[in-house]
Amino acid sequence: MVAIIGGETARFRPLIDLYRETGARFGHAPEQLKVGVHSLGYVAATRQQAADEFFPATPRRSVAWPRSAAGAP
């Protein structure tokens, strides 16, 4: 089992591809090679409402975190 617990999911694709290729090379069936993703989210009627309720201290200039805040380049 490979589990992703944070970060941009697309950035993990090479790791998952390697995991599946290696598993196949060593005789594991694809259905045995599990991948799990955990993603935090909050749903409201509108994007702005979700931002206001979930991040009340977030400046109103943006409802999304800047990429640099998550440590992404």
Side-chain angles (χ1 to χ4, degrees):
M1 166 65 122
V2 170
I4 299 169
I5 59 171
E8 292 182 41
T9 55
R11 296 176 69 191
F12 291 91
R13 181 60 191 250
L15 175 62
I16 301 308
D17 290 343
L18 177 62
Y19 169 67
R20 289 179 173 157
E21 291 167 12
T22 303
R25 189 175 335 131
F26 285 91
H28 297 282
E31 61 272 6
Q32 291 178 311
L33 302 171
K34 305 295 183 191
V35 175
V37 177
H38 175 260
S39 181
L40 180 63
Y42 187 83
V43 178
T46 67
R47 184 177 183 174
Q48 188 61 54
Q49 180 185 351
D52 291 343
E53 291 174 0
F54 195 73
F55 298 110
T58 300
R60 296 195 183 272
R61 63 179 165 76
S62 173
V63 295
W65 289 104
R67 290 179 60 93
S68 61

- Applying ring-ring contact (aromatic ring centres under 6.0 Å, His included) to Phe54 and not counting sequence neighbours gives Tyr42
- Query: Minimum heavy-atom separation for Gly36 to Met1, with atom names?
  - Reply: N-SD, 3.7 Å
- Closest non-hydrogen atoms of Ala44 and Ala50, given as atom of the first, atom of the second and distance, are CB-N, 3.5 Å
Could you tabulate the donor-acceptor pairs under 3.5 Å formed by side-chain atoms of residues 24-35, not counting sequence neighbours?
| from | atom 1 | to | atom 2 | distance (Å) |
| --- | --- | --- | --- | --- |
| Gln32 | OE1 | Ala29 | N | 3.0 |
| Lys34 | NZ | Glu31 | O | 2.7 |

- Message: Using 0.5 Å steps for rounding, measure from the CG atom of Asp52 to the OG1 atom of Thr46.
- Response: 7.5 Å
- Applying side chain to side chain donor-acceptor pair (under 3.5 Å) to Glu21 and not counting sequence neighbours gives none
